[in-house]
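Take a look at the structure below.
Order of listing sets the numbers, starting from 1, for every ligand and every atom in it.
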Amino acid sequence: NFQASEKAEPFVITTPLYYVNAPPHMGSAYSTIAADAIARFQRLLGKRVILITGTDEHGEKIATAASARGSSPREHCDVISQAYKMLWKDLDIAYDKFIRTTDPKHEAIVEEFYSRVLAKDDIYRADYEGLYCVNCEEYKDEKELLENNCCPTHLKPCVPRKEDNYFFALSKYQKPLEEILEQNPDFVQPSYRLNEVQGWIKNGLRDFSISRAAVEWGIPVPNDNKQTIYVWFDALLGYITALLEDKEQISLQSAVSSGWPASLHLIGKDILRFHAVYWPAMLMSAGLSLPKMVFGHGFLTKDGMKMGKSLGNTIEPNELVNKFGADAVRYFFLREVEFGSDGDYSEERFVNIVNAHLANTIGNLLNRTLGLLKKNCQSTLVVDSSIAAEGKDFKDTVEELVEKARINYENMSLSSACEAVLEIGNAGNLYMDKHQPWSLFKQGGAASEAAAKDLVVILEAMRIIAIALSPVAPSLCRQIYAQLGYSEDQFDNINWSKTKWGGLKGGQVMAQPKPVFARIEQIKENENG
Ligand code: ME8
């Protein structure tokens, strides 16, 4: 019943809260696309999903970016945060919550959290001296730096800094963290990143500074407005604040009632230490439950370097979406980059993959089949797909592949999930070529009946593809569903259980065939020279 499902534990999934020092780039889009695909898959399983995304708006890096543009920090944050929202819309991201860390309710939560940690005796004041990377917003260990004290991620020199700061007693949590990782080896994903996290902890955890004396653009430290709270100590709490409704009482306790802890933090591997070490320790200190899983995916690279705002070697997601559409962008990055590993972008590869998979294997098969159906059966299915016995082997193959896709989605092997769905399309094309329904129709009589059954078998596979690929290419799948004669409402109510073979019923009238995915014409480089 409705009340029970409202109360059922939600699946809370988060993207990183992105810095607003620059507009979103393909890396930020990548994490968000992946989170959206996982969220859509969980919704297909019938779960109540809360997908959280948003922007991280405090700190020195943001203040500097704002002044470089001649804006006040607040104006600057409004503009860039809006750019994220717009891009998420263009990329078909169905988020449930968008949190900005400059939201007043967030400030209240940070203050409450700070007082809990203070009451636990986990905050103290001390001098700190070290090398600081502004782009990471982090003091660095000299051992991890390149020549001239350059940050290995941002390739810019770290600067010596000395401050009188407030510190969080991370070292107190060394043992509890070790135990948690031992007892919950699935906490860090992919599993090969667990060793790295355990290594950091084993090497010894140092208390870290959670305030900045020199940074004005931040949340003031309670009872000491000469300092602001370190941007990471503030931002991570955005995941909790996001769960609160505006009208609700703003407290950590109400966030717990609204769905905390998160089921999954999806992040890039660059911020794994913050999510798998600092954050759990902070939560333990404040007496809050830990997230169930942290998944650190790989980097999109350009010429082997992490694509990023600080290096300025990014791909414009807006440009890609405008040129190729959201489905193509979503599909390419999820299919091409094994989720967890790094992946390089090339336009040639993009065009080839998207054309081969979406335009040919899926789009063209659907279009050919519907064309034959229209010509020979007035677009009406003559039998139920469940009784088309000729397709028994094919049906078995499809069932196997759709199960493979489900397992891969569950394990967040998104590329393999796409691959399994595409295999259904490949099997459909093979089936079509083998049975040649177009020539059977020419023979008439029993051959013609067999051909009509062949078409329903292929369309049934298409129906299953439309459900199974919908987490990755939602708009394409909506169009496939419409071509199969279903209403928008029916697509909105699809559920993974409907991937079971035999959904198409005799008598169903298909729509007028029209291409669901336009082939991308090869991009001509250097057209004028
Ligand atoms: O770190 N490839 O924000 P951020 C893949 N505000 N993913 C990439 C990427 C790339 N080249 N570049 C960025 C922050 N990302 C903090 C987070 S969370 C409470 C605070 C993605 O804007 C990836 O998920 O620098 C990475 O972890 C994140 O963007 C960093 O975003």
Side-chain angles (χ1 to χ4, degrees), residues 13-36 38 52-62 65 77 80-81 83-84 87-88 97-103 106 109-110 113 133-138 151 153-154 189 193 218 229-242 262 264-280 282-283 291 294-317 329 333-334 336-345 414:
I13 169 170
T14 67
T15 74
L17 306 181
Y18 303 100
Y19 284 132
V20 290
N21 57 322
H25 61 85
M26 201 51 233
S28 0
Y30 176 64
S31 306
T32 312
I33 289 169
D36 184 63
I38 294 167
I52 295 173
T53 185
T55 41
D56 180 356
E57 307 190 356
H58 288 131
E60 186 175 346
K61 176 153 80 165
I62 313 296
C77 291
I80 308 278
S81 188
Y84 276 92
L87 178 64
W88 291 177
K97 308 276 182 187
F98 190 104
I99 182 69
R100 298 182 55 186
T101 59
T102 47
D103 186 324
H106 176 70
I109 285 292
V110 173
F113 187 89
C133 171
V134 181
N135 287 304
C136 292
E137 292 281 15
E138 194 180 17
C151 161
T153 310
H154 297 104
Q189 292 292 327
R193 295 211 198 285
I229 293 183
Y230 172 45
V231 61
W232 272 102
F233 202 78
D234 145 4
L236 286 159
L237 281 153
Y239 296 140
I240 291 186
T241 316
L264 173 63
H265 288 315
L266 195 67
I267 53 166
K269 61 184 178 181
D270 52 334
I271 53 177
L272 188 57
R273 193 198 308 251
F274 291 105
H275 285 79
V277 181
Y278 291 20
W279 182 222
M282 286 164 60
L283 288 165
V294 175
F295 189 109
H297 65 65
F299 290 152
L300 302 184
T301 55
K302 212 167 158 196
D303 309 320
M305 291 302 294
K306 173 178 178 259
M307 191 188 291
K309 290 173 279 210
S310 303
L311 286 186
N313 59 348
T314 58
I315 294 172
E316 269 300 317
V329 176
F333 286 101
L334 297 184
E336 177 71 356
V337 184
E338 192 189 309
F339 201 49
S341 312
D342 294 353
D344 221 57
Y345 170 81
L414 299 174

Is the backbone N or O of Phe295 less than 3.5 Å from a side-chain atom of Arg193, with the two atoms forming a donor-acceptor pair by type?
no
of all protein heavy atoms, closest to atom 1 (O) of ligand 1 is Ile271 CG2, 3.6 Å
Residue, atom and distance of the protein heavy atom nearest atom 25 (O) of ligand 1 read Tyr19 CD1, 3.4 Å
Pairwise side-chain contact, Cys151 with Asn135, heavy-atom cut-off 4.5 Å (strictly under):
no
Side chains of Asp342 and Thr301 only: does a donor on one sit below 3.5 Å from an acceptor on the other?
no
Under a 4.0 Å heavy-atom limit, does Ile267 contact ligand 1 with its side chain, its backbone, both, or neither?
backbone
Nearest heavy-atom pair of Trp279 and His265: which atoms, and what distance?
NE1-NE2, 3.1 Å
For atom 17 (C) of ligand 1, closest protein heavy-atom neighbour
Leu17 O, 3.2 Å
Which of the numbered atoms in ligand 1 are under 4.0 angstrom from any heavy atom belonging to His297?
5 (C), 7 (N), 23 (C), 24 (O)
Could you name the option among Phe274, Tyr239, Tyr18 that has the heavy atom nearest to atom 18 (S) of ligand 1?
Tyr239
Are any of the heavy atoms in Lys269 under 4.0 Å away from ligand 1?
no
Considering heavy atoms of the protein only, find what lies nearest to atom 2 (N) of ligand 1 and give residue, atom and distance to 0.1 Å.
Leu300 N, 2.7 Å
Protein contact to atom 11 (N) of ligand 1 [nearest heavy atom, distance to 0.1 Å]:
Met307 O, 2.6 Å
Do Glu57 and Thr101 have side-chain N/O donor and acceptor atoms under 3.5 Å apart?
no
Under 4.0 Å from one or more heavy atoms of Asp56, ligand 1 contributes atoms 6 (N), 16 (C), 20 (C)
Judging by distance only, is a nitrogen or oxygen of Pro16 under 3.5 angstrom from one on ligand 1?
no
among protein heavy atoms, the one nearest atom 22 (O) of ligand 1 is Lys309 NZ, 2.7 Å
Once you measure the plane-to-plane angle for Trp232 and Phe274, does it fall in the parallel (<30°), tilted (30-60°) or perpendicular (>60°) bin?
parallel
Establish, from distance only, whether the side-chain atoms of Tyr239 and His275 form a donor-acceptor pair under 3.5 Å.
yes
For Gly298, the atoms of ligand 1 under 4.0 Å from one of its heavy atoms are 5 (C)
Side-chain donor-acceptor pair under 3.5 Å between Thr32 and Trp88, yes or no?
no
Sub-4.0 Å heavy-atom approach of Met26 to ligand 1
no
Are any of the heavy atoms in Gly296 under 4.0 Å away from ligand 1?
no
Heavy-atom nearest option to atom 21 (C) of ligand 1, drawn from Ser31, Gly268, Gly54:
Ser31
Donor on one side chain, acceptor on other, His106 and Thr241, under 3.5 Å
yes
Answer yes or no: does an N/O atom from Tyr84 fall short of 3.5 Å to an N/O atom of ligand 1?
no
Nearest protein heavy atom with distance in Å, relative to atom 26 (C) of ligand 1
Asp270 OD1, 3.3 Å
So is there a nitrogen or oxygen of Leu236 less than 3.5 Å from a nitrogen or oxygen in ligand 1?
no
Shortest non-hydrogen contact between Leu266 and Pro16, atoms and distance
O-CD, 3.1 Å
Spacing of CG belonging to Leu300 relative to CE belonging to Met307, to within rounding of 0.5 Å
5.0 Å
Polar proximity ligand 1 side, His275 side, N/O cut 3.5 Å exclusive:
no
Atom 13 (C) of ligand 1: the protein heavy-atom neighbour that sits closest, reported with distance to 0.1 Å
His25 CE1, 3.7 Å
Identified ring pair (Phe, Tyr, Trp, His ring centres under 6.0 Å) partner of Tyr345 from the options Phe299, Phe333, Tyr30:
Phe333
Testing the 3.5 Å rule here: is there a donor-acceptor pair between the side chains of His297 and Ser31?
yes
